[in-house]
Amino acid sequence: MTDDISAAGRPQPEEAGRPDLRARYRQERAKRIRPDGTSQYIEPVGRFAYLTADPYTPRVERESVVEDVEVVIVGGGFAGLVTGARLAEAGVTDVRIVEAGGGLGGVWYRSRYPGAMCDTAAMVYLPLLEETGHVPSANVCGSMEILAHARRIAEKSTTAHCARPW
Ligand SMILES: Cc1cc2nc3c(=O)[nH]c(=O)nc-3n(C[C@H](O)[C@H](O)[C@H](O)COP(=O)(O)OP(=O)(O)OC[C@H]3O[C@@H](n4cnc5c(N)ncnc54)[C@H](O)[C@@H]3O)c2cc1C
C-alpha cells in the first residue's frame, strides 16, 4: 500500500484533490472501459422481455407532461435522486426527475425478492443519511428499507414524474 491510501484503506477527503490520486482513479476507470461499449449488454428482448415489465405498479395511460424546467434528470435511482438533492442544496429547485418505472429507487424499486439487500455497509452505502436523519437498522439492510430511504430522499428534495403514479 502506498502513502496515497490511509491506514483504513480509503483515500481521505483531503487527498481526493491530489493530482496523483486523480491519475490513479483515471487509470482504474480506464481498466474497466471496454471497447465494445454498450454492445456488451444483452437487450431485454425475446425471452428477456419480461424484465422490462413493472410488476409493482399497473400501467395507467395519461397525457404527456409538457414542462419547461431548468434541469431534467433521466432516471430516479440513487444517482438521479442524489443529483436532485445536491442541486436543491445548491439552490437549483426547478428540477424534474423522469423515471420509466412506476416509482423511484431504481434497482431498489425493482429488487424486492426475499433476502435482497445491499452488501456494502449501509452507513457507507446509503446516501444522504445525515441530511435525512435516517439511521440504518442494521449493518447491511434489506431492499425495502433501502427503497424507503430512496423515497425519503425524493420527498425531501426533489420532484419527479414517473411513468405511472406511485
Ligand atoms: C440487490 C442489489 C444489491 C446491491 N448492493 C450494492 C451495494 O451494496 N453497494 C453498491 O455500491 N452497489 C450495490 N448495488 C448496485 C446498485 O445498482 C447501485 O448502488 C445504485 O443503486 C445504482 O443507482 P443508479 O441510479 O445509478 O441506477 P439504477 O438504480 O439502475 O437507476 C436507474 C433508473 O433510471 C431509469 N431509466 C433508465 N433509462 C431511462 C429512460 N430512458 N427514461 C426514464 N428512466 C430511465 C431506470 O428505470 C432506473 O430506475 C446493488 C444492486 C442490487 C440489484
Side-chain angles (χ1 to χ4, degrees), residues 5 8-11 13 16 24-25 28-29 31-34 37-45 48-90 92 94-132 134-166:
I5 302 295
R10 289 194 203 97
R24 253 182 68 186
Y25 283 143
E28 290 302 319
R29 177 177 179 272
K31 280 185 205 164
R32 288 161 180 78
I33 294 180
R34 290 175 31 163
T38 53
S39 67
Q40 70 186 279
Y41 302 116
I42 299 170
E43 286 286 322
V45 293
F48 299 118
Y50 75 97
L51 292 169
T52 59
D54 181 343
Y56 303 113
T57 310
R59 188 176 174 81
V60 177
E61 291 297 332
R62 60 158 167 75
E63 291 296 309
S64 303
V65 176
V66 180
E67 270 184 331
D68 193 2
V69 291
E70 205 172 342
V71 179
V72 172
I73 297 171
V74 179
F78 273 149
L81 291 169
V82 171
T83 303
R86 292 301 183 204
L87 282 169
E89 227 174 65
V92 182
D94 190 14
V95 176
R96 280 287 177 196
I97 293 180
V98 178
E99 170 52 55
L104 297 167
V107 295
W108 299 108
Y109 172 80
R110 290 181 174 267
S111 306
R112 305 186 195 186
Y113 50 87
M117 57 175 59
C118 60
D119 48 17
T120 307
M123 290 294 280
V124 175
Y125 178 58
L126 294 185
L128 301 170
L129 285 174
E130 285 175 11
E131 292 84 344
T132 56
H134 179 66
V135 178
S137 65
N139 184 31
V140 289
C141 40
S143 62
M144 296 314 288
E145 181 174 343
I146 301 175
L147 176 58
H149 187 62
R151 289 176 172 162
R152 190 173 296 119
I153 295 170
E155 276 158 22
K156 288 208 177 232
S157 58
T158 60
T159 51
H161 280 308
C162 295
R164 284 142 281 190
W166 62 288

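None of the values given here were measured: they were computed from a predicted structure. Counting starts at 1 for both ligands and their atoms, following the listed order. One is the number of the first residue; the rest follow in order along the sequence.
- Protein heavy atoms come within 4.0 Å of atom 50 (C) of ligand 1.
- Between Tyr109 and Asp54 the shortest side-chain heavy-atom distance falls below 4.5 Å.
- Taking any N or O of Ala79, backbone or side chain, at least one lies under 3.5 Å from an N or O belonging to ligand 1.
- The structure places CD1 of Ile73 at 8.0 Å from CG of Leu81, a figure rounded to the nearest 0.5 Å.
- In this structure, His134 NE2 and Met123 CE are separated by 9.5 Å, a value rounded to the nearest 0.5 Å.
- Within a 4.0 Å radius of atom 47 (O) of ligand 1, the protein contributes one or more non-hydrogen atoms.
- Protein heavy atom closest to atom 35 (C) of ligand 1, with residue, atom name and distance, is Glu99 OE1, 3.3 Å.
- Ligand-side atoms of ligand 1 in range of Val98: 43 (C), 44 (N), range being under 4.0 angstrom from any heavy atom.
- Regarding atom 32 (C) of ligand 1, its nearest protein heavy-atom neighbour is Gly77 N, 4.2 Å.
- Counting atoms of ligand 1 from 1 in the listed order, those under 4.0 Å from a heavy atom of Ser111 are 53 (C).
- At least one N or O atom of Thr120, backbone or side chain, sits closer than 3.5 Å to an N or O atom of ligand 1.
- Contacts between Tyr125 and ligand 1, counted as non-hydrogen atom pairs separated by less than 4.0 Å, involve the side chain only.
- The distance from ligand 1 to the heavy atoms of Cys118 drops below 4.0 Å at these ligand atoms: 5 (N), 8 (O).
- Glu131 places none of its side-chain heavy atoms less than 4.5 Å from the side chain of Ile153.
- You'll find the side chain of Tyr125 stays beyond 4.5 Å of the side chain of Cys141, heavy atoms only.
- For the atom pair Arg151 CZ and Ile146 CD1, the distance stands at 13.0 Å (nearest 0.5 Å).
- One N or O on the side chain of Arg32 and one on the backbone of Glu28 form a donor-acceptor pair closer than 3.5 Å.
- Proximity of atom 37 (C) of ligand 1 to the protein is not indicated, since no non-hydrogen protein atom lies closer than 4.0 angstrom.
- Close contacts between ligand 1 and Tyr113 involve ligand atoms 1 (C) [criterion: under 4.0 Å to a heavy atom].
- Close contacts of ligand 1 with Asp119, meaning ligand atoms under 4.0 Å from a residue heavy atom, involve 5 (N), 6 (C), 7 (C), 8 (O), 9 (N).
- Nearest residue to atom 43 (C) of ligand 1 from Ala100, Pro127, Gly103, Gly115 is Ala100 (criterion: closest heavy atom).
- Going from atom CG of Leu129 over to atom NE2 of His149 covers 4.5 Å, rounded to the nearest 0.5 Å.
- Contacts between Trp108 and ligand 1 below 4.0 angstrom, taking non-hydrogen atoms only, involve the side chain exclusively.
- Atom 34 (O) of ligand 1 has as its closest protein heavy atom Gly75 CA, 3.1 Å.
- A salt bridge links Glu89 to Arg86: at least one charged side-chain nitrogen sits closer than 4.0 Å to a carboxylate oxygen.
- For ligand 1, the polar-atom distance check finds an N/O of Val107 within less than 3.5 Å of one of the ligand's N/O atoms.
- In this structure, CG on Leu126 lies 9.5 Å from OG1 on Thr120, to the nearest 0.5 angstrom.
- Those atoms of ligand 1 that come under 4.0 Å of a heavy atom in Val74, given as number and element, are 39 (C), 40 (C), 41 (N), 42 (N), 43 (C).
- Among protein heavy atoms, atom 23 (O) of ligand 1 sits closest to Phe78 N, 3.9 Å.
- Using a 4.0 Å cut-off to heavy atoms of Met117, the atoms of ligand 1 that qualify are 3 (C).
- Counting only heavy atoms from C-beta outward, the side chains of Arg112 and Tyr56 approach each other to under 4.5 Å.
- Note that CG of Leu104 is 11.0 Å distant from CZ of Phe78, once rounded to the nearest 0.5 Å.
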